[in-house]
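In what follows, a single structure is set out as structure tokens and then discussed.
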Amino acid sequence: MTEQYIARRMERIVPFYVMDLLAKAKQMEAAGRSVVHMEVGQPDFAAPPPVVAAGKAAIDAGKTGYTPATGIPELRQAVADYYSDHFGRAVDPRRIIVTPGSSGGLQLLMGVLINPGQEVLMTDPGYPCNKNFVEFVSGVPVSLPVGPETDYQLTAEMVRQAWTGRSRAVLVASPANPTGTVLSREELQNIHQVVRERGGVLIVDEIYQGLIYESEAFTALDVADDIFVLNSFSKYFGMTGWRLGWIVAPPFFVDSIDCLAQNIFLSCSAPAQYAALEAFSADCLAIFEERRQAFRRRRDFLLPALQRIGFSFPVEPGGAFYLYADCSRLTGDSFAFAYDLLAKQGVAVTPGKDFGSHRCSEHIRFAYTNSVENMAEGVRRIERYLAAGAA
Ligand SMILES: Cc1ncc(COP(=O)(O)O)c(C=O)c1O
């Protein structure tokens, strides 16, 4: 069998470069070398003990069958309560669809909203999978270059200018990956208005919503009820491998999303859903708040430490756990830099190329999903690497 058996869409769906880098890092560690990891986009905190206990209890109680495709009613209600308790926003639990991570949510939304040939506008740099979810439904991802002038986010004006007769949706993330920047409520309102005027839909990925450090945490649901919101138990709730997230959809779309979810996922993991119920308990929320503060301290350590050794940050990120560093004073090729840094000093970071093509060779993403102590060691190693003459 040869390539001819592989569907053509796979030519446009590329793996993460960082996976290769991670594999190299693991090989080095297996050979006894120490590696400081600042490439991984998942919290180094595991699911809190009450969540784990609830997951085990669900398994012991035999709650291991299929669930409704939209999720167990208790979890949909718990998510709705979370919006009313934390954002003062009443949401009908029937609008909440539990998904296999926000990845599952993105897949469902693209499947339900995008016809072949229709465009979805998004940022470059941005979360690398976004364009692939669009490709998967034969849509056309349109990556709009963004920079520090707009906090690496789309603006209503950019959307207005890029919108064509084929455009159907705008996808934004706040806080964003890889830049950690937050969209203001006003800009989101303006983007929503432009999208609505043109008869499109706005999708807001709020996967890092719990990890906002300074500005007011709000949900796009405050801006309008016809926005599609994605969220996940992966980041703030520390449950990456449990594969659970949710969509909040306008009521009209719930049945179609339910229908597609039934067909492609049947249901999410039942034990994970029962475990996630516990994530909203006061004990767990207190743990998440401590972790949020820890991430903030890490950011406040890493950003100036990297600035001191030559990286620059035209915008200080207000959320998530990423720093998107401009490394143009140190190298003109962040890809080669990342590989060389790993090989010579055992520090793993993600080259800008993973997030798009706009000025990607001048950027590196640092994930502060590691302790201050380990990151301090990472910074010392980068300093040594630079002193010896970078790639
Ligand atoms: C912006 C963004 N959206 C979606 C995802 C998908 O996460 P998950 O499927 O674990 O919820 C990620 C993961 O890193 C992300 O950074």
task: Please tell me if the side chains of L21 and V349 come closer than 4.5 Å, counting only heavy atoms from C-beta onward.
output: no
- prompt: With a 4.5 Å limit on heavy-atom distance, are the side chains of M110 and L171 in contact?
  reply: yes
Going by atom types only, do [X] and [Y] share a side-chain donor-acceptor pair under 3.5 Å?
| X | Y | result |
| --- | --- | --- |
| H37 | D44 | no |
| N132 | R12 | no |
| Q193 | Q189 | no |
| Y236 | N231 | no |
| R185 | T219 | no |
| T67 | Q273 | yes |
| T2 | Q4 | yes |
| R168 | Q118 | yes |
| N190 | E186 | no |
| R76 | T70 | yes |
| T331 | D333 | no |
| D20 | Y339 | yes |

Answer with yes or no whether the hydrophobic clustering places [X] together with [Y]; edges join I, L, V, M, F, W, Y residues whose side-chain heavy atoms lie under 4.5 Å apart.
| X | Y | value |
| --- | --- | --- |
| V204 | V223 | yes |
| V98 | L108 | no |
| F265 | L75 | no |
| Y127 | I207 | no |
| L341 | L302 | yes |

So, for [X] and [Y], which heavy atoms are closest and what is the spacing to 0.1 Å?
| X | Y | value |
| --- | --- | --- |
| F237 | A279 | CD2-CB, 3.9 Å |
| T240 | R243 | O-NH1, 3.0 Å |
| F295 | P43 | CZ-CB, 4.0 Å |
| P141 | V134 | N-CG1, 3.6 Å |
| Y213 | R292 | CE2-O, 3.5 Å |
| W242 | A47 | NE1-CB, 3.7 Å |

Would the number of heavy atoms belonging to other residues, nucleotides or ligands and lying under 6.0 Å from [atom1] of [X] be above 12?
| X | atom1 | answer |
| --- | --- | --- |
| F313 | CZ | yes |
| E197 | CD | yes |
| E373 | CD | no |

Charged N-O contact under 4.0 Å between [X] and [Y]:
| X | Y | answer |
| --- | --- | --- |
| R380 | E377 | yes |
| E214 | R299 | yes |
| D226 | R196 | yes |
| K131 | D124 | no |
| E119 | R166 | yes |

Taking [X] for the side chain and [Y] for the main chain, is one N or O donor matched with an acceptor at less than 3.5 Å?
| X | Y | result |
| --- | --- | --- |
| R33 | M28 | no |
| T181 | D151 | yes |
| R95 | D225 | yes |
| T150 | Q153 | yes |
| S102 | G105 | no |
| R365 | T350 | no |
| R89 | L221 | yes |
| S84 | A90 | no |
| Q42 | S234 | no |
| E362 | G332 | no |

Rounded to the nearest 0.5 Å, how far apart are [atom1] of [X] and [atom2] of [Y]?
| X | Y | atom1 | atom2 | value |
| --- | --- | --- | --- | --- |
| R359 | Y324 | CZ | OH | 8.5 Å |
| Q27 | L22 | CD | CG | 10.5 Å |
| S312 | R329 | OG | CZ | 5.0 Å |
| L106 | S232 | CG | OG | 10.0 Å |
| D205 | M122 | CG | CE | 11.0 Å |
| L202 | I227 | CG | CD1 | 4.5 Å |

task: Decide side chain to side chain donor-acceptor pair (under 3.5 Å) for D326 and S328; before the verdict, give the C-alpha distance in whole Å, the side-chain angles of both, and the deciding distance to 0.1 Å.
output: CA-CA 6 Å; D326 180 330; S328 55; 2.6 Å; yes
- prompt: Taking it one step at a time, do M10 and I13 satisfy side chain to side chain contact (heavy atoms under 4.5 Å, CB included)?
  reply: CA-CA 5 Å; M10 292 311 294; I13 297 183; 4.3 Å; yes
Which class fits the ring pair [X] and [Y]: parallel under 30°, tilted 30 to 60°, perpendicular over 60°?
| X | Y | value |
| --- | --- | --- |
| Y208 | Y322 | perpendicular |
| F228 | F253 | perpendicular |
| Y82 | F280 | tilted |

Test of ring centre spacing under 6.0 Å for F311 and F366: yes
message: Within 45 degrees of the ring normal and closer than 6.0 Å to the centroid, is that where the cationic atom of K344 sits relative to Y385?
response: no
- prompt: Under the side chain to side chain contact (heavy atoms under 4.5 Å, CB included) criterion, do T123 and S143 qualify, and how do the steps go?
  reply: CA-CA 5 Å; T123 60; S143 297; over 6 Å; no
field: Full working for side chain to side chain contact (heavy atoms under 4.5 Å, CB included) between V35 and L342
entry: CA-CA 8 Å; V35 174; L342 176 65; 4.0 Å; yes
task: Quick one: do M375 and Y368 satisfy side chain to side chain contact (heavy atoms under 4.5 Å, CB included)? Show the steps, please.
output: CA-CA 8 Å; M375 292 193 299; Y368 42 94; 3.5 Å; yes
